[in-house]
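First up is the structure itself, then whatever we jot down about it.
Bear in mind that the values here come from a model prediction, so they are computed numbers and not experimental data. Both backbone and side-chain heavy atoms feed into the values below; hydrogens, waters and symmetry mates do not.
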Amino acid sequence: MTAPSILANIDFSQPAASVAPQLIGVTVLVHGVGGRIVEVEAYDRDDPASHTYNGPTERNGAMFGPPGHAYVYLSHGIHWCLNFVCMEAGHGAGVLIRALEPLHGLDAMRLRRRQQDIRMLCSGPGKLCQALAVTRAYNGLSLAAPPFQLIARDAEAEAEVVSGPRIGISRAVEVPWRFGEAGSKFVSKPFR
DNA sequence: TGTATGATCGCCT
DNA sequence: GGCGATCATACAG
């Protein structure tokens, strides 16, 4: 059958802007290292700021694959960025994972980041990929199987989600598709 | 506290 | 050949 699109109680076959706020509070681990998601951004096919806006290419191919998989790309020739693919296969939407609250494997993260301050380990898309050792090798992999592990957020501890404009883009600047946990000290930039 | 800038490379025009 | 879904450092105030 088709790949599972429901992971950690989240249906990844929904639009990215619907999936994104639900991801706040979900724990993501790579080889057992990671933490709670506290900041994400949604990108859709009909979105001038999305890599998929102009259709499938070799780089963005994973986002046109099945939902619940990873899309990993290199930013500015330096930093890797991790996305979760949304909607049905062939659509081209995803959610950029921008920041985590580090919980598991802190020693490994500190070594990889060469940084002791816990707030500097995963407070940005490039930082968290370095902390979790995510590279192109993980592009297209299912989030339902190792090395990935998704853990649903605690139903009792519902996260309060706030939103605002996305960061570091030059088109569709005012679309409020950045989502974060209210009051979290681990986001890349505070929400206003 | 904030603005500016360099690093560095692959994708897309 | 231009330009990033970024980050760390170097300044200015």
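The CG-P distance, from A:N60 to B:dG10, rounds to 17 Å in whole Å. Note: NE2 (A:H79) to P (C:dT9) measures 11 Å, nearest angstrom. We find that CZ of A:R59 is positioned 12 Å from C1' of B:dC9, with the value rounded to whole Å. As rounded to whole Å, 15 Å separates atom P of C:dG4 from atom OH of A:Y53. Counting to the nearest Å, the P atom of B:dC11 and the CH2 atom of A:W80 are 9 Å from each other. We find that CZ of A:R171 is positioned 13 Å from C1' of C:dG2, with the value rounded to whole Å. With rounding to whole Å, A:I167 atom CD1 is found 16 Å from C:dG4 atom P. In this structure, the CZ atom of A:R114 is 13 Å from the C1' atom of C:dA8, given to the nearest Å.
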| field | Test log, rule side-chain hydrogen bond (donor to acceptor under 3.5 Å, both in side chains), inputs A:S188 and A:E39 | value | CA-CA 8 Å; A:S188 61; A:E39 182 184 347; 2.8 Å; yes
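In this structure, A:G55 and A:I78 both approach DNA chain B, and ranking their closest nucleotides by distance from the 5' end singles out A:I78. Across the interface with DNA chain C, nearest-nucleotide mapping of A:Q115 and A:G168 shows A:G168 to be the residue nearer the 5′ end.
Between C:dA8 and A:R113, a contact under 4.0 Å exists linking OP1 or OP2 to a side-chain N or O. Dashed line: the shortest gap from a side-chain N or O of A:T57 to OP1 or OP2 of B:dC12 is under 4.0 Å. In this model, the phosphate group of C:dT6 is approached by a side-chain N or O of A:R98 to a distance below 4.0 Å at OP1 or OP2. Between A:R136 and B:dC11 there is a side-chain polar atom (N or O) within less than 4.0 angstrom of OP1 or OP2.
Nearest heavy atoms, A:L100 versus A:V28: CD2-CG1, 3.6 Å. Shown here for A:A182 and A:V162, the closest heavy-atom pair between the two residues is CB-CG1, 3.8 Å.
Residue A:S170 is in sugar-phosphate contact alone, with no base atom involved, counting any heavy-atom pair closer than 4.0 Å across all strands shown.
Inter-residue side-chain proximity for A:F186 and A:I118 is flagged as met; some heavy-atom pair is nearer than 4.5 Å.
Put simply, A:Y43 rests on the base of C:dA5: the two rings are less than 5.5 Å apart at their centres and nearly parallel, under 30°. An aromatic stack links A:H76 and the base of C:dG4, using centre distance under 5.5 Å and interplanar angle under 30°.
With no hydrogens or angles considered, a side-chain donor-acceptor pair links A:R113 and A:Q130 at under 3.5 Å.
Here C:dT9 sits opposite B:dA4 as a Watson-Crick or G-U wobble pair (both hydrogen-bonding atom distances under 3.5 Å).
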